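Worksheet: the structure to be examined is printed underneath.
In what follows, residues are counted from 1 in the order of the sequence shown. Just so it is clear, the model here is predicted, and its values are computed rather than measured.
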Amino acid sequence: LNNPEHPPEFLHQRDDFKNVVTFIEHHAKLYWDGMGYDKNISPYLDNCWAMRYAGHAGGLDNHNHPNIPIAGAMYFDASPEQGNIVFQDPLDLMLSMNPYLPWSRNTRLKDVPVSTGKLVLFPGWLNHSVMPNKTDKPRYNISLELKAGPKTT
């Protein structure tokens, strides 16, 4: 990995990553089935890339992966103090246009604590962000996108 700030993408194509791919795809299939999605197709890892959040680094702004059925992150060295993942209901954008008093409306944010070894899967359309790393220690995770259908080589 030549650049520790942004190692190469497509980690799922590396032979030394095969066990991680198997783990992720197994749990993505459980997620897929649990959501009641089409059983005639299955999720497969389409892309994954390494992320390193340096100590005392800022977070990652709110975004989504709109054309991806399942997005996620797997944490290799992480703790809540190093930056949790936060989900936001996309309906909040629409509701924010209504004339609520600023202190009277609760936004639907869900802060999910991260930890080493945790795999978090969610629909690609769901808005998410990453909180800043408040420690001296870098946080490492892989971000991933899963598509559905037959695997391509």
Side-chain angles (χ1 to χ4, degrees), residues 1-55 57-94 96 107-135 137-153:
L1 304 175
N2 297 335
N3 181 353
E5 296 298 326
H6 188 75
E9 296 182 350
F10 306 111
L11 290 172
H12 62 290
Q13 295 176 353
R14 294 172 47 151
D15 286 339
D16 60 346
F17 211 68
K18 191 180 292 187
N19 289 340
V20 175
V21 170
T22 300
F23 176 84
I24 291 169
E25 288 183 344
H26 168 76
H27 288 281
K29 177 66 171 143
L30 295 174
Y31 172 92
W32 186 268
D33 291 345
M35 293 295 289
Y37 294 159
D38 187 342
K39 294 194 184 299
N40 295 314
I41 55 177
S42 291
Y44 63 91
L45 200 51
D46 184 58
N47 192 11
C48 78
W49 57 98
M51 298 293 291
R52 177 184 183 271
Y53 290 87
L60 185 62
D61 289 338
N62 200 28
H63 67 285
N64 63 18
H65 305 252
N67 299 320
I68 300 298
I70 303 173
M74 186 168 180
Y75 299 91
F76 288 92
D77 190 355
S79 70
E81 298 79 25
Q82 290 171 289
N84 285 339
I85 187 168
V86 179
F87 296 102
Q88 183 177 22
D89 187 329
L91 183 58
D92 279 343
L93 178 62
M94 215 163 88
S96 70
T107 184
R108 285 170 301 285
L109 293 177
K110 175 65 177 165
D111 187 355
V112 176
V114 302
S115 60
T116 300
K118 187 176 223 174
L119 173 65
V120 179
L121 300 173
F122 51 92
W125 55 260
L126 185 60
N127 294 336
H128 56 284
S129 59
V130 178
M131 300 303 292
N133 184 348
K134 297 178 182 176
T135 72
K137 186 177 173 185
R139 187 191 83 213
Y140 295 93
N141 70 276
I142 57 169
S143 295
L144 44 108
E145 296 178 331
L146 293 110
K147 290 188 177 177
K151 272 192 176 185
T152 57
T153 55

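A 4.5 Å side-chain heavy-atom check between Asp61 and Ser129 finds every atom pair outside the cut-off. Counting heavy atoms from C-beta outward, Tyr31 and Pro123 have side chains that approach closer than 4.5 Å. Side-chain atoms of Met131 and Leu60, non-hydrogen and from C-beta on, never get closer than 4.5 Å to each other. Thr22 places none of its side-chain heavy atoms less than 4.5 Å from the side chain of Val20. You'll find the side chain of Val120 reaches within 4.5 Å of the side chain of Phe122, heavy atoms only. Between Leu146 and Leu121 there is a side-chain heavy-atom pair separated by less than 4.5 Å. Between Trp49 and Met51, some side-chain heavy-atom pair lies under the 4.5 Å cut-off. For the pair Tyr75/Arg139, a side-chain contact is recorded, criterion being any heavy-atom separation below 4.5 Å from C-beta on.
When each of Asn127, Asn64, Asn62 is paired with Gln88, the side chain to side chain donor-acceptor pair (under 3.5 Å) condition holds for Asn62 and for no other.
Across Ala73 and Leu144, no two heavy atoms sit closer than the pair N-CG, 4.1 Å. Gly117 approaches Met74 most closely through the heavy-atom pair O-CE, 4.5 Å. Between Ala71 and His65, the shortest heavy-atom distance links the atoms CB-CD2, 4.0 Å. Nearest heavy-atom pair across Asn84 and Val114 is OD1-N, 3.0 Å. Heavy-atom minimum distance, Ala148 versus Tyr44: C-CE2, 3.7 Å.
Within a 6.0 Å radius of CG in Asp38, more than 12 heavy atoms belonging to other residues, nucleotides or ligands are found. Sparse packing is recorded around NZ of Lys147, with 12 or fewer heavy atoms of other residues, nucleotides or ligands lying under 6.0 Å away. Under a cut-off of 6.0 angstrom, the local environment of CG in Asn67 is sparse, with at most 12 non-hydrogen atoms contributed by other residues, nucleotides or ligands.
At least one donor-acceptor pair closer than 3.5 Å links the side chain of Glu25 to the backbone N or O of Leu45. In terms of modelled atom types and a separation under 3.5 Å, the side chain of Gln82 and the main chain of Lys134 share no donor-acceptor contact. Without hydrogens or angle criteria, Trp32 side chain to Ile41 main chain gives a donor-acceptor distance under 3.5 Å. For Asn133 (side chain) and Lys137 (main-chain N/O), a donor-acceptor pair under 3.5 Å exists by modelled atom type. Between the Thr116 side chain and the Ala78 main chain, a donor and an acceptor come within less than 3.5 Å of each other.
Taking CD from Glu145 and CG from Asp46, the interatomic distance works out to 7.0 Å, rounded to the nearest 0.5 Å. The distance from atom NE2 of His63 to atom CG of Leu126, rounded to the nearest 0.5 Å, is 10.5 Å. How far CG of Leu119 is from CD1 of Ile142: 8.0 Å, rounded to the nearest 0.5 Å. Note that CG of Asn40 is 9.0 Å distant from OG of Ser42, once rounded to the nearest 0.5 Å. The CG atom of Asn47 sits 9.5 Å away from atom OG of Ser143, with the distance rounded to the nearest 0.5 Å.
The aromatic rings of Phe17 and Phe76 sit tilted relative to each other, their planes meeting at an angle between 30° and 60°. Ring geometry for Phe87 versus His128: interplanar angle of 30 to 60°, hence tilted.
Within the 6.0 Å centre-distance limit, the rings of His27 and Phe23 are counted as a close aromatic pair.
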